[in-house]
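Inspection log for the structure reproduced underneath, given as structure tokens.
The structure displayed is predicted, hence computed values, not measured ones. Chain letters run A, B, ... following the sequence lines, proteins first, then strands; residues in each count from 1.
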2 protein chains.
Amino acid sequence: MHEVIKRIPLFSGLEEGMVNKISEFCRLRIFNKGDIIFFESEPYRGFYAVVSGLVKVYKISRDGREHIIHIIAPFNTFAEVPLLENLDKITDDDFRYPACSMAIEDNTKVVLVPANEFRDILKNDLNISLRMLSGLAKRLRHLNHHIEELTLKDVTKRTAAFLISVYENTSSNSKLKGSTISLSVNRSDMAAYLGTAIETLSRTLSRLQAEGIIEVTGKKIFIKNAYKLKEISLS
Amino acid sequence: MHEVIKRIPLFSGLEEGMVNKISEFCRLRIFNKGDIIFFESEPYRGFYAVVSGLVKVYKISRDGREHIIHIIAPFNTFAEVPLLENLDKITDDDFRYPACSMAIEDNTKVVLVPANEFRDILKNDLNISLRMLSGLAKRLRHLNHHIEELTLKDVTKRTAAFLISVYENTSSNSKLKGSTISLSVNRSDMAAYLGTAIETLSRTLSRLQAEGIIEVTGKKIFIKNAYKLKEISLS
DNA sequence: CGTAACCTTGATTAAGATCAATTCTCGTGG
DNA sequence: CCACGAGAATTGATCTTAATCAAGGTTACG
């Protein structure tokens, strides 16, 4: 556990004593694809850090539609909000998870950081508190961006932006010529993240392919014209 | 300035010395309706707290459509993200505001909290850092909720939810019988916040009126059936 | 009062959701 | 190794919501 904790940016670089202290009360949990990590409104236990695999955080509407708010990659944390909103409170009486989360890959490993124990540390450690601030600020920026995309861009632009972001985060060195990205999510999750229907996403990808910008083979997508794709995403 | 600073929740209850120190480098600014406080991409100076009046934080699309991310009421802060994202950095070289903001009432008073000076305080004061954490967490919850509304609910439900939230935050004691709320924003801003067009919003309000749920008179709206309105917002 | 900004209503259009039918993919067992 | 079947993805047809275009009506304020 010690080694795992050290790899989480929120904790990495802390002095050994502190890492040990934190490691003591954290718990490793393993989930398979489709397993629920927590439901919305479930009593709050603490926040999580993904160690390996992939996790989605999402909301479900009354009529069963799903919207994915975040897709959490390894070494990122999620579900800190209920903890931080109520730092004063001694007991966490009625805190609940504000969304659902689910593993979307088999053998997804996550660390549970229990609220009560961590709160005590946070309230006495400026360093950790500042790290959490940075983390939350990044999350806020991401959400702002997500809202901007959803409200000001159509499905084609959002799709292009999504592909470009995967493309740019895939650190392939030869980006000038086309390269292949491999999506870590299926169409259903991609659509739920982009705020559209599976069919609409499918059509959009087909159209981008017909226009010679990408080449789709299941979860592998060959980016033939990154420049044009970027142009679409920004328009 | 001292008295103003003390009324901002982020700072209230701090010891006098600290309040004085902060007051020293903050600057009060006054804007009229329609005045820009900052543009997107403008170099970052620091964050703001609204003292009186009303401020909107918004994004503009390429083709000129506007989406309002937040409407900031007195004594709340905005634009902290660039400060917090980069606490390590000594100089804030290339930090920019990630959205635009504008006063939407005449004589809107805001306090500018300069980034460099405040960063030094923040990095040495656990108390303030914890307060900022709570503030950001609340902001995150609000954004999550905003995204949920935008993606999972239609315009009618979003409008109902907006009216109900104004209704519930207006601490009129007699909520059982109908009561009148007075919107602080015009139709254009309300539509931009709800992610719809002015005309669609207007039609939606007319329909709710025709159904006997509300009674519209400009910015005054009489809530005739709060229960039904709430029901719509949740459906 | 007069004018400009704001709001409402009507008609039309467009984007995307939904319903329906194949087709594709991939893991499993024969 | 191949055939099968279930889930995933694509494609087509149609419908719905809300955006856009256009024209009046209201309100606020000098």
Practice task
Go through A:M102 and A:V55 one step at a time and tell me if the side-chain contact (heavy atoms from CB on, under 4.5 Å) criterion holds.
Solution key: CA-CA 6 Å; A:M102 181 190 279; A:V55 168; over 6 Å; no
Distance, rounded to the nearest Å, where [X] contributes [atom1] and [N] contributes [atom2]:
X	N	atom1	atom2	value
A:K157	C:dA15	NZ	C1'	12 Å
B:M190	C:dC6	CE	P	16 Å
A:D63	C:dT18	CG	C1'	12 Å
A:L194	C:dA17	CG	P	11 Å
A:I221	D:dA9	CD1	P	11 Å
A:L205	D:dT10	CG	C1'	11 Å
A:K220	C:dC24	NZ	C1'	18 Å
B:R187	C:dT9	CZ	P	10 Å

Exercise for the section: Give a yes/no on whether any side-chain N or O of B:S202 is located under 4.0 angstrom from OP1 or OP2 of C:dT8. Expected result: yes
Handout entry: C:dA17 phosphate, OP1 or OP2, under 4.0 Å from A:T196 side-chain N/O
Key = yes
Practice task
State, without any angle test, whether B:T77 and B:E80 hold a side-chain donor-acceptor pair at a distance under 3.5 Å.
Solution key: yes
Fill in the blank from the handout: DNA chain C nearest-nucleotide lookup for B:S206 and B:K33: closer to the 5′ end is B:K33
Exercise for the section: Report the residue (A:G218 or A:T156) whose heavy-atom-nearest nucleotide on DNA chain C is the more 5′ of the two. Expected result: A:T156
Practice task
Side-chain contact test, heavy atoms from C-beta onward, threshold under 4.5 Å: evaluate it for B:L84 versus A:L136 and give yes or no.
Solution key: no
Exercise for the section: May I ask you to decide whether A:E42 forms a salt bridge with A:R96, counting only side-chain N to carboxylate O separations under 4.0 Å? Expected result: no
Handout entry: Identified side-chain hydrogen bond (donor to acceptor under 3.5 Å, both in side chains) counterpart of A:K224 within the set A:E215, A:E211, A:Q209
Key = A:E215
Handout entry: Sugar-phosphate, base or nothing in reach of B:G34, heavy atoms under 4.0 Å
Key = nothing
Looking only at side-chain atoms of [X], point me to the closest of [options].
X	options	result
A:R65	D:dA19, C:dG16, C:dT18	C:dT18
A:A197	D:dT10, C:dA17, D:dA18	C:dA17
A:V155	C:dT8, D:dA18, C:dG16	C:dG16

Exercise for the section: Could you check B:K59 against B:E66 for salt bridge (charged side-chain N to carboxylate O under 4.0 Å, His left out), going step by step and ending with a plain yes or no? Expected result: CA-CA 6 Å; B:K59 287 266 190 176; B:E66 164 187 326; over 6 Å; no
Exercise for the section: Assess whether one donor atom and one acceptor atom, taken from the side chain of B:E199 and the base of C:dC7, lie less than 3.5 Å apart. Expected result: no
Handout entry: B:R203 (side chain) and C:dG10 (base): donor-acceptor pair under 3.5 Å
Key = yes
Problem - Residue pair B:N32 / B:A103: nearest heavy atoms and the distance that separates them - result: O-CB, 3.6 Å
Exercise for the section: Would you verify whether the NZ or CZ of A:K230 falls within 45 degrees of the ring axis of A:Y227 while also being under 6.0 Å from that six-membered ring's centre? Expected result: no
Handout entry: Contact state string [nucleotides 23-30 of chain D, B base, S sugar-phosphate only, - no protein heavy atom under 4.0 Å]
Key = --------
